[in-house]
Amino acid sequence: MNLVERDLQVIWHPYTQMQTAQPPIPIVRGEGTCLFDENGKKYIDAISSWWVNIHGHAHPYIAQKVAEQLKKLEHAIFAGFTHEGAVELAERLLNILPVNQKKAFYSDNGSTAIEVAIKMCLQYWHNKGEGRSKIIAFKDAYHGDTFGAMAVSGRSAFTAPFDSLLFAVEFIDLPNESNIEALKSQITSLKNEAACFIFEPLVQGTAGMVMYEAAYLDQLMQHCRKEDVLMIADEVFTGFGRTGKPFACNYVTELPDIMCFSKGLTGGTMALGLTTCTMAIYEAFLSTDKLKTLFHGHSFTANPVACSSALASLDLFLDEKTTISIKRIERAHREFAAKIKDHPKIKTIRQTGTIVAMEWETGNNTSYFSSLRDTLYNYFIDAGIILRPLGNIIYILPPYCITDTELAYIYSKIEQALDEI
Ligand SMILES: *Cc1c(COP(=O)(O)O)cnc(C)c1O
C-alpha cells in the first residue's frame, strides 16, 4: 500500500468530510515557502500551513536550536520546576508586548490559550467575591474548537451540534462609525455582570478574513475599561507580524488585560500556547487560601522543545530583515489589490498587513459552503499553490520569507483564475 492508501485506512483528518474529500497529498519535505510531495511536485504554501508558519519550512536556524534543546532536556514537569527556555521566552515576549502584560501562562495551542484566558477572567471576579460571569464576544468570532473556546465563538455550522451545551454569551456586532454608541450602551446595560470582552483584534480570520477599524476597537476597549470589563485580545492568529505591526494590539491605544498567542509563536514548528496577563489579574489569585489558585495545567505545559523553537522564531522575527520583508509583502499585496479590484468577479478585496483577502462573485451570498470552494482549491493545487479558500473567499498570508517571484506567481495565477473560472 502506498502512503495515501495507508492514510485512508487509519486516519481521520481535521475539518474534513472523509466520505467526499479527495485523498490527501503526501508531503515529504519543506524548504522556505515551499512544500514538496512524494513525486517532487512543489507547492507554494500561500497560507503558511493554517497560518502558523512565519519564517518558512524546515528553517535551519530553528531546526538547529530545537536539535540542541532535544539533546539537553526534552521535557520536565512545570509545577514545582522550571527551566531556562520557559523563563527566557516569557522575559523576552513580555518585553515586546503592550507594557501592562506582566505574567506568562503556558499551554499547548490556541484553543487552550483561550480556555486559560476565560478561566483567568471568571476566576478573577470569583476570587474578588464579585458575581461577574457574562462574557462579551463578537458575533462571527472564532476562538478555537474546545468547549469554552467554542462557547465564546459565534454560533455557526461548526458549533451547531453542540449549541445547546455552550454557555450563553453576550454577542455584539463589529464596531463601526454608525453603531459604536449603541455597542457601548449594550455593554453598559450589562451593569456589573460583564466579566470580560474577548475579541480578535483587527482581523477575524476564520470568519472569512473580516477586517474592521482599529479606531472603533479602541473606542470599544476604552469603554470596557470605563465599565471595569476585562479585555482578552485573541492574537493567536494576528500575533507576530501578520497585521503589519508585531501585534494587532499595537494599532490601538487602550491596553488589553489578557493576550493569547499560538500559531506563529514557534514559527509554526511546535505546538505551544501562551496566555499573558496584567499584574492586577495575577494578584487576584494570590492568597493564603488555596482555593484562590488557578487550577489549570496541561501535561506538556511549557515544553522545553516548544519553548526553544519559539525562542529561535523570536530571534528571526526580531531580525530587521523580517520587518523589511513584512513591509515588502504589504506593498506587493496593496499593488495587487489595486490592480484587480475592479475585475467583475471580485466582489470585494481587503488587506491588513500581510493578509489580502478577496471575495469571489458567485451570484449567491458569501458562504463557507460555497461550491466554488473546491473548484478554486483544486485549480491552485494544480498550479502548485496552497490556497485554502474559506468558501468563496480566497486569501493569501504567506511566510515572511516569500520571494517577490513567488508572490508574483501567486498573483498571476489568481488573475488567470479570475478569467478562467
Ligand atoms: C486558530 C485560532 C484559534 C485556535 O487555535 P488552535 O491552535 O487551532 O486551537 C484561536 N483563535 C484564533 C483567532 C485562531 O485563529
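Whatever order the structure lists ligands and atoms in, that order sets their numbers, starting from 1. No hydrogens, no waters, no symmetry mates; every other heavy atom, side chains included, goes into these values.
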One residue to check: Trp50. Relative to ligand 1, which of side chain, backbone, both or neither has a non-hydrogen atom less than 4.0 Å away? neither

Please list, in number order, the atoms of ligand 1 under 4.0 Å from a heavy atom of Lys263. 1 (C), 2 (C), 3 (C), 14 (C), 15 (O)

Side-chain ion pair, Glu235 and Arg242, N-O less than 4.0 Å: no

Contacting atoms of ligand 1, where contact means under 4.0 angstrom from a heavy atom of Gly144: 4 (C), 10 (C)

Using only heavy-atom distances, determine whether the side chains of Thr322 and His55 contain a donor-acceptor pair under 3.5 Å. no

Those atoms of ligand 1 less than 4.0 Å from some heavy atom in Ser111: 4 (C), 5 (O), 6 (P), 9 (O)

SB check Glu68 Lys72 (cutoff 4.0 Å): no

I'd like to check which ligand 1 atoms, numbered from 1 as shown, lie under 4.0 Å from a non-hydrogen atom of Gly110. 4 (C), 5 (O), 6 (P), 7 (O), 9 (O)

Can you confirm whether some protein heavy atom lies under 4.0 Å from atom 5 (O) of ligand 1, or whether none does? yes

Within reach of ligand 1, part of Glu200 (heavy-atom separation under 4.0 Å): side chain

Pairing of Asp315 and Arg92 as salt bridge, 4.0 angstrom limit: yes

Could you tell me whether the side chain of Thr354 and the main chain of Ile326 form a donor-acceptor pair under 3.5 Å? no

May I ask you to list the atoms of ligand 1 that are less than 4.0 angstrom from any heavy atom of Asp234? 10 (C), 11 (N), 12 (C), 13 (C)

Classify the angle between the aromatic ring planes of Trp51 and Phe237 as parallel (below 30°), tilted (30 to 60°) or perpendicular (above 60°). tilted

Taking only heavy atoms of His143 into account, list the atoms of ligand 1 that are under 4.0 Å away from them. 10 (C), 11 (N)

Under a 3.5 Å threshold, yes or no: a donor from one side chain and an acceptor from the other, between Thr188 and Glu227? yes

Report yes or no: does Gln204 have a heavy atom closer than 4.0 Å to ligand 1? no

Check each atom of ligand 1 against the heavy atoms of Trp51 and keep those under 4.0 Å away; list them by number with element. 15 (O)

Quick one: does Glu213's side chain have a donor or acceptor within less than 3.5 Å of a partner on Leu217's backbone? no

